[in-house]
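Worksheet for the structure shown next.
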Amino acid sequence: MGSHVTTPLLDVAYDQSGEPDGTPVVLLHGFPYDVRAYDDVAGSLADAGAWVLVPYLRGFGGTRFLAADTLRSGQQAALAQDLLDFLDALDIDRAVVAGYDWGGRAACIAAALWPDRVRGLVSVDGYNVQLIAHSGEPTRPEWERTYWYQYYFHGERGRRGLERNRDELCELLWRTWSPTWAGAAEAFRASAASLHNPDFVDVVIHSYRHRFGLADGDPRYDRLEELIAAAPRIGVPTVVLEGDADGIGGPGAAEDREYFTGPYEHRVLPGVGHNAPQEAPEAFADAVRSLW
């Protein structure tokens with residue numbers, strides 16, 4: 001069911017299922033995806049007694065900024081603060097939070113910095129927090145080539161490419177990041193409209209420039225970025241999921257183990273690409289259920 005709630009900066013559009021007296025679960029999508037990634041997961045969790053909330057991130061779907069002069073920031077601190085503000089707006093004290101890609105980043109930061117608000121964490125690909133001070137360090141060449149879109153967005157050619165060809169570009173990312181998922185192109189069509197949010201391009205471009213130190217952040221998040229830069233550990237109960245057919249980067253979740261200091265489980269999803277909840281909804285839902 002589609003709903004809206006107002007936070008200090010946003011009118012947040014979100015889907016919800018289940019009853020409000022159930023265990024609160026917030027599911028967070030990534031780029032360039034939307035809430036449709038969780039349709040099957042949400043139904044399964046609602047049937048198990050959860051109150052499931054799936055917000056559109058800033059720049060996606062029906063979520064809108066309240067003020068024209070707010071910086072259309074895509075920095076990680078903004079995404080994390082949006083999650084906290086969303087919980088506050090709905091009077092949720094503690095929730096299980098789960099996400100992948102951008103959503104996984106917000107979930108990890110919230111779990112690290114506000115553990116009293118997070119009952120448990122499901123994070124795809126491990127510790128998703130960006131260590132911006134090290135963003136200039138190269139990684140393995142075979143991984144670097146999969147990040148081409150990030151480097152593309154650093155220049156104005158990439159901004160114009162995203163603006164003019166967003167459907168073609170984003171569908172390409174869906175297919176190449178989930179190379180074993182035969183339904184990727186068809187599933188993309190159900191989410192494509194969310195990428196035509198008026199702030200989508202600005203938020204995406206800022207995200208991929210800020211994370212490489214190429215754009216200033218919104219000053220309102222300076223203190224939060226300082227806390228994130230310290231690579232805070234995550235002590236809440238955590239399940240890390242990792243698809244072994246992910247077409248972006250390489251397997252790295254096991255290397256992040258040191259950042260998790262609480263109960264921890266690492267589950268590999270055979271034949272699953274980048275969009276774990278949509279490709280393996282029951283495995284994703286099972287991970288979430290294990291945390292309440």
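Here the structure is a predicted model, which is why all the values come from computation and not from measurement.
Between Tyr259 and Ala231, the shortest heavy-atom contact is CE2-CB, 3.9 Å. Between Leu83 and Ala110 the shortest heavy-atom distance is CD2-CB, 3.6 Å. Heavy atoms only, all atoms of each residue included: Ala287 and Val239 are closest at CB-CG1, 3.8 Å. Residues Leu269 and Ala280 come closest through the heavy atom pair CD1-CB, 4.4 Å. The minimum heavy-atom distance linking Val240 with Ala253 is given by the pair CG1-CB, 3.8 Å.
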Residue pair His210, Asp216: steps toward the side-chain hydrogen bond (donor to acceptor under 3.5 Å, both in side chains) verdict: CA-CA 6 Å; His210 180 269; Asp216 292 335; over 6 Å; no
Residue pair Phe200, Phe60: steps toward the ring-ring contact (aromatic ring centres under 6.0 Å, His included) verdict: CA-CA 6 Å; Phe200 175 75; Phe60 293 78; 5.3 Å; yes
Verdict with reasoning, Phe86 to Tyr14, per ring-ring contact (aromatic ring centres under 6.0 Å, His included): CA-CA 10 Å; Phe86 182 72; Tyr14 66 100; 5.3 Å; yes
Intermediate values then yes/no, side-chain contact (heavy atoms from CB on, under 4.5 Å), Val129 and Gln76: CA-CA 8 Å; Val129 181; Gln76 58 183 350; 3.9 Å; yes
Test log, rule side-chain contact (heavy atoms from CB on, under 4.5 Å), inputs Leu90 and Leu53: CA-CA 10 Å; Leu90 293 172; Leu53 306 154; 4.1 Å; yes
Derivation and outcome, side-chain contact (heavy atoms from CB on, under 4.5 Å), residues Trp114 and Val236: CA-CA 10 Å; Trp114 306 298; Val236 305; over 6 Å; no
Arg267 vs Asp286, salt bridge (charged side-chain N to carboxylate O under 4.0 Å, His left out): CA-CA, chis, key distance, verdict: CA-CA 11 Å; Arg267 303 181 184 181; Asp286 183 64; 2.9 Å; yes
Derivation and outcome, ring-ring contact (aromatic ring centres under 6.0 Å, His included), residues Tyr33 and Trp102: CA-CA 10 Å; Tyr33 306 95; Trp102 287 24; over 10 Å; no
Leu169/Glu163 under side-chain contact (heavy atoms from CB on, under 4.5 Å): CA gap, chis, key distance, verdict: CA-CA 10 Å; Leu169 191 158; Glu163 179 69 56; over 6 Å; no
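Looking only at distances, a side-chain donor or acceptor of Thr180 sits under 3.5 Å from a matching main-chain atom of Gly271. Panel note: side chain Arg223, backbone Arg220; no donor-acceptor pair is recorded below 3.5 Å. Proximity of a side-chain donor or acceptor of Ser178 to a complementary backbone N or O of Gly273 within less than 3.5 Å is not detected. No donor-acceptor pair under 3.5 Å is formed between the side chain of Arg72 and the backbone N or O of Val201.
Side-chain contact check for Leu66 versus Leu9: every heavy-atom pair is 4.5 Å or farther apart. Side chains of Leu291 and Val122 form a contact here, defined as non-hydrogen atoms less than 4.5 Å apart. A heavy-atom distance below 4.5 Å is not found between the side chains of Leu10 and Asp85. At least one side-chain heavy atom of Leu84 sits under 4.5 Å from a side-chain heavy atom of Arg117. For the pair Asp256/His266, no side-chain contact is recorded, criterion being any heavy-atom separation below 4.5 Å from C-beta on. At a threshold of 4.5 Å between non-hydrogen side-chain atoms, the residues Glu279 and Asp246 do not count as touching. By the 4.5 Å heavy-atom criterion applied to side chains, Glu171 and Arg166 are not counted as neighbours. Looking at heavy atoms from C-beta onward, Ile228 lies in side-chain contact with Leu113 at the 4.5 angstrom threshold.
Contact check on Asp82 versus Arg58 returns a salt bridge, with a Lys/Arg side-chain nitrogen under 4.0 Å from an Asp/Glu carboxylate oxygen. A salt bridge links Glu156 to Arg209: one of the charged nitrogens lies within less than 4.0 Å of a carboxylate oxygen. Salt bridge Glu144/Arg140: absent, no basic N to carboxylate O contact under 4.0 Å. Between Glu258 and Arg233 there is a salt bridge, since a side-chain N of the basic residue sits under 4.0 Å from a carboxylate O of the acidic one.
Under 3.5 Å, the side chains of His29 and Asp101 contain no donor-acceptor pair of N or O atoms. Between the side chains of Gln75 and His206, not a single donor N or O lies within less than 3.5 Å of an accepting N or O. Counted by atom type alone, Asp218 and Ser73 present zero donor-acceptor pairs between their side chains at under 3.5 Å. Donor-acceptor pairing under 3.5 Å is recorded for the side chains of Glu282 and Ser44. Under the 3.5 Å distance criterion, with hydrogens and angles disregarded, no donor-acceptor pair is assigned to the side chains of Glu19 and Trp51. Residues Ser191 and Asp34 bring a donor and an acceptor atom of their side chains to less than 3.5 Å of each other. Gln278 and Tyr38 share no donor-acceptor pair across their side chains, judged by distance under 3.5 Å alone. Side-chain contact of Thr238 with Glu265: a donor-acceptor pair under 3.5 Å is absent, judged by distance alone. Side-chain contact check for Asn128 and Ser123: at least one donor-acceptor pair (N or O, by modelled atom type) lies under 3.5 Å. A donor-acceptor pair shorter than 3.5 Å cannot be found between the side chains of Arg119 and Thr23. Side-chain contact, Asp11 with His4: a donor N or O sits under 3.5 Å from an acceptor N or O.
Following chains of ILVMFWY side-chain contacts shorter than 4.5 Å, one can reach Val52 starting from Leu87, so the two form part of one hydrophobic cluster. Cluster membership check: Ile132 does not share its hydrophobic cluster with Val203, using side-chain heavy-atom separations under 4.5 Å among Ile, Leu, Val, Met, Phe, Trp and Tyr. There is no path of hydrophobic side-chain contacts, each under 4.5 Å, that joins Phe260 to Val268. No chain of hydrophobic side-chain contacts below 4.5 Å, direct or via other Ile, Leu, Val, Met, Phe, Trp or Tyr residues, connects Leu224 to Leu71. In terms of hydrophobic clustering, with Ile, Leu, Val, Met, Phe, Trp and Tyr side chains grouped at heavy-atom distances under 4.5 Å, Val124 and Tyr147 are assigned to a common cluster.
Of the inter-residue distances, the one linking Asn197 atom CG with Phe65 atom CZ reads 8.5 Å to the nearest 0.5 angstrom. Considering CZ of Arg159 and OH of Tyr208, their distance stands at 14.5 Å, rounded to 0.5 Å. Atom-to-atom distance recorded for His274:NE2 and Trp181:CH2 is 11.5 Å, nearest 0.5 angstrom. The CZ atom of Arg160 sits 9.0 Å away from the OH atom of Tyr152 when rounded to the nearest 0.5 Å. Once rounded to the nearest 0.5 Å, the distance linking SG of Cys108 with CG of Leu28 reads 10.5 Å. Distance CG/Asn275 to CH2/Trp174: 5.5 Å, rounded to 0.5 Å.
Classified by interplanar angle (parallel below 30°, tilted 30° to 60°, perpendicular above 60°), the ring pair His154/Tyr151 is perpendicular. Classification of the Phe31-Tyr149 ring pair by plane angle, with boundaries at 30° and 60°, yields parallel.
For the pair Arg175 and Phe188, the cation-pi test (distance below 6.0 Å, angle within 45°) is failed.
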